[in-house]
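FYI, side chains are in, hydrogens and waters are out, and symmetry mates aren't considered; it's all heavy atoms of this structure.
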Amino acid sequence: MEVAVFILVVLAFVALSGALVRLVRVPLPVLQIAIGAALAWPAGGLHVEIDPELFLLVFIPPLLFGDAFAAPKRELIELRGPILDLAIGLVFFTIVGFGYALHWLVPSIPLVVAFALAAVLSPTDAVAVSSIVDRNVVPARLMHILEGESLLNDASGLVMFRFAVAAALTGSFSFAAASLTFVYAVAAGVLAGIAALFIAAKALQILRRIGGTPAEAQVLVMTLLPFVAYLIAEHAGASGILAAVTAGLLTGTSGIFRFLSVSARIQAMSLWSTLTFVFNGALFILLGLQLPDIIRKVPPELTSRHWLFEPALTVLILTLCLVGLRFLWIWIGDMASVVAARLGKRKAEPFGFRVRLAGSVAGVRGAITLAGILSLPLALQDGSPFPARDVVIFLAAGVIICSLIIASLALPGIARGLVEPGEDPGAAEERRARVGAANAAIARIESLAGDGGEEGEAAEARLAVADSIVASYRRRIAASDEAEEARAEAREAGRLELDLRHAGIEAERAAVRAMFRSREINDHTMRALLSEITLTEALFKSRQDRK
């Protein structure tokens with residue numbers, strides 16, 4: 001009964017956080033962590049012991065599967081070079097650099113344990129980044145790189161973490177054996193994801209042949225897919241995380257959706273959207289629930305000089321060390337790509353300082369780090385306590401919080417107005433203005449749709465028309481990072497659509513003028529956008545008159 005009540009309380013506060021974030025104007029992950037800490041801090045507050053293996057099984061596969069399924073496949077393939085460079089090369093660079101820095105800063109932590117903490121801190125969380133800063137503000141190419149990196153470095157970071165823990169337990173390490181194990185974990189993880197996808201496809205084929213199968217049964221098969229992929233890989237000693245990512249990446253291109261009915265497809269999309277929101281919120285609330293106990297048990301190794309400033313300063317230094325290592329690696333990779341382009345007699349367009357800084361600060365740590373570090377064994381093989389276990393758990397939790405705070409404070413300012421190499425500043429400004437205007441139109445239409453006063457069929461018709469128009473605006477936003485992409489128009493639906501469309505156009509005009517008054521866009525851009533809005537309005541009215 002207590003477990004059921006705890007789950008209901010967490011779900012209730014996840015829903016509450018979705019409303020509060022509009023009022024307090026802080027990033028959603030930070031707010032959810034604060035809610036979790038507030039729930040656990042009182043003496044009679046909520047307290048929960050996390051089983052890391054169960055934590056990984058329940059939360060990580062569906063989240064990574066959903067992120068991989070929604071990721072733009074074409075862009076990930078085009079950007080595979082920088083993504084693999086960050087997802088694999090940066091992980092090893094971070095393990096070595098951060099491991100030695102941690103051992104020097106806190107000598108009581110053995111070097112192999114420092115490497116373990118560095119490995120578990122390597123995975124990044126692009127979901128937290130998109131919650132901190134509007135993804136339409138961050139250049140699309142940079143956001144795609146961050147998303148692709150976060151999908152793959154979870155696997156590489158946790159595999160190396162297991163190697164480091166095994167070395168700490170046994171007191172020995174073989175580079176050759178570790179390399180072979182790493183290759184096996186990656187290859188078998190990919191195959192496990194493909195196998196799970198094949199199993200799901202066969203199950204859907206059988207349900208389709210039976211006939212009359214409810215759509216909910218088909219949706220359930222799709223829901224179980226990431227868990228099946230994860231369990232197959234883990235049973236084979238491979239990377240379950242990479243298996244879930246592989247299944248998500250291949251789901252859209254494998255043709256499995258042809259075995260789903262239209263109703264099942266719609267329900268599956270809606271369910272995954274809800275699960276992603278709920279699981280992400282629950283993860284950060286659970287992290288907040290762990291904070292009071294972690295803070296109350298600050299290890300004595302970090303309080304020899306001061307009970308507060310020394311551990312806080314240590315966490316800050318380590319977080320800045322991670323940001324610095326990331327910046328250095330991005331800069332090295334950028335320079336290497338420029339040299340390679342020049343040798344190949346191609347045009348070289350290096351990233352600017354702000355793009356490198358944004359990519360460095362965006363390396364936020366999240367749920368994977370927490371789950372991994374809590375899975376540290378309590379004792380060595382000889383029965384003695386695992387060295388510095390409490391210290392590295394405290395430092396990992398501190399770095400997660402500190403990286404979120406730094407990104408929340410710095411990233412919006414760094415990313416605002418950021419232009420990638422090769423992108424025209426005027427085009428970037430126009431893209432941001434289009435997105436802002438479309439968001440304003442969406443907010444106005446949703447407000448009018450809910451305040452119409454109709455009941456019954458009239459209310460349903462109004463909402464249906466509003467949903468259609470909002471969908472067209474959302475498609476426009478999704479396509480805003482591609483030059484001159486055609487913007488979809490909603491179907492005409494009589495007087496209701498005319499009223500709502502007019503309200504949206506007026507909201508667009510107001511948003512563009514507000515951007516001009518705040519000097520976010522210049523006079524030329526404002527006039528061009530207002531002319532385009534007026535032309536769109538005239539064309540729409542013309543179609544209405546002909547109809």
Side-chain angles (χ1 to χ4, degrees), residues 17-18 20-38 86 90 94 98 101 121-139 142-143 145-147 149-150 280-281 283-285 287-288 290-291 294-295 308-331 351-370 394-420 432 435-436 518-520:
S17 67
L20 287 178
V21 73
R22 297 292 184 180
L23 302 176
V24 297
R25 297 296 181 181
V26 300
L28 185 58
V30 176
L31 175 61
Q32 290 167 339
I33 290 173
I35 290 174
L86 292 175
L90 180 57
T94 300
F98 184 86
L121 285 172
S122 299
T124 55
D125 191 341
V127 175
V129 174
S130 61
S131 300
I132 290 171
V133 62
D134 187 353
R135 64 183 299 114
N136 295 301
V137 174
V138 178
L142 177 59
M143 199 65 199
I145 292 175
L146 294 174
E147 289 173 341
E149 176 199 6
S150 68
N280 270 309
L283 279 178
F284 286 110
I285 288 180
L287 173 58
Q290 305 303 306
L291 282 184
I294 293 175
I295 293 175
L308 175 61
F309 293 115
E310 184 179 359
L313 183 61
T314 302
V315 168
L316 178 60
I317 292 174
L318 292 175
T319 305
L320 293 177
C321 177
L322 284 174
V323 174
L325 289 170
R326 189 175 176 87
F327 182 87
L328 179 60
W329 184 263
I330 293 174
W331 178 77
F351 287 124
F353 173 80
R354 286 181 62 197
V355 176
R356 297 171 190 159
L357 185 60
S360 304
V361 175
V364 175
R365 273 62 188 180
I368 295 291
T369 295
L370 176 65
F394 174 85
L395 292 177
V399 168
I400 293 173
I401 303 299
C402 193
S403 66
L404 277 169
I405 293 174
I406 290 176
S408 302
L409 295 175
L411 192 56
I414 297 172
R416 186 173 293 111
L418 192 62
V419 179
E420 290 182 334
R432 291 192 297 272
V435 171
S518 62
R519 297 183 180 180
E520 294 181 37

From Phe98 atom CZ to Leu325 atom CG, the distance as rounded to the nearest 0.5 Å: 8.5 Å
How long is the gap from OG on Ser408 to CG on Leu28, to the nearest 0.5 Å? 10.5 Å
Minimal heavy-atom distance between Leu142 and Ala358, with the atoms involved, is CD2-CB, 4.0 Å
ring-ring contact (aromatic ring centres under 6.0 Å, His included) against Phe327, all qualifying residues, sequence neighbours excluded: Phe353
Applying side-chain contact (heavy atoms from CB on, under 4.5 Å), name anything that partners Ile401, two or more places apart in sequence or on another chain. Ile33, Leu287, Leu291, Ile405
Working to the nearest 0.5 angstrom, can you tell me the gap between Ile406 CD1 and Leu411 CG? 11.5 Å
Distance-only donor-acceptor hits, side chain of residues 311-320, under 3.5 Å, sequence neighbours excluded:
unit_1	atom_1	unit_2	atom_2	d
Thr314	OG1	Glu310	O	2.8
Thr319	OG1	Val315	O	2.8

Ser360: partners by side chain to side chain donor-acceptor pair (under 3.5 Å), with sequence neighbours left out: none
Heavy-atom closest pair (Thr124 atom, Ser150 atom, distance to 0.1 Å) is O-CB, 3.5 Å
Residue pair Ser17 / Ile35: nearest heavy atoms and the distance that separates them: CB-CD1, 3.8 Å
Would a 4.5 Å heavy-atom cut-off, applied to side chains only, mark Arg326 and Thr94 as touching? no
List the residues meeting side chain to side chain donor-acceptor pair (under 3.5 Å) with Arg365, not counting sequence neighbours, and say none if there are none. none
Ala396: side-chain contact (heavy atoms from CB on, under 4.5 Å) partners, not counting sequence neighbours: Leu117, Thr369, Ile373
Can you name the side-chain contact (heavy atoms from CB on, under 4.5 Å) partners of Ala101, sequence neighbours left out? Cys321
Are the side chains of Leu146 and Leu86 in contact, using a 4.5 Å heavy-atom criterion? no
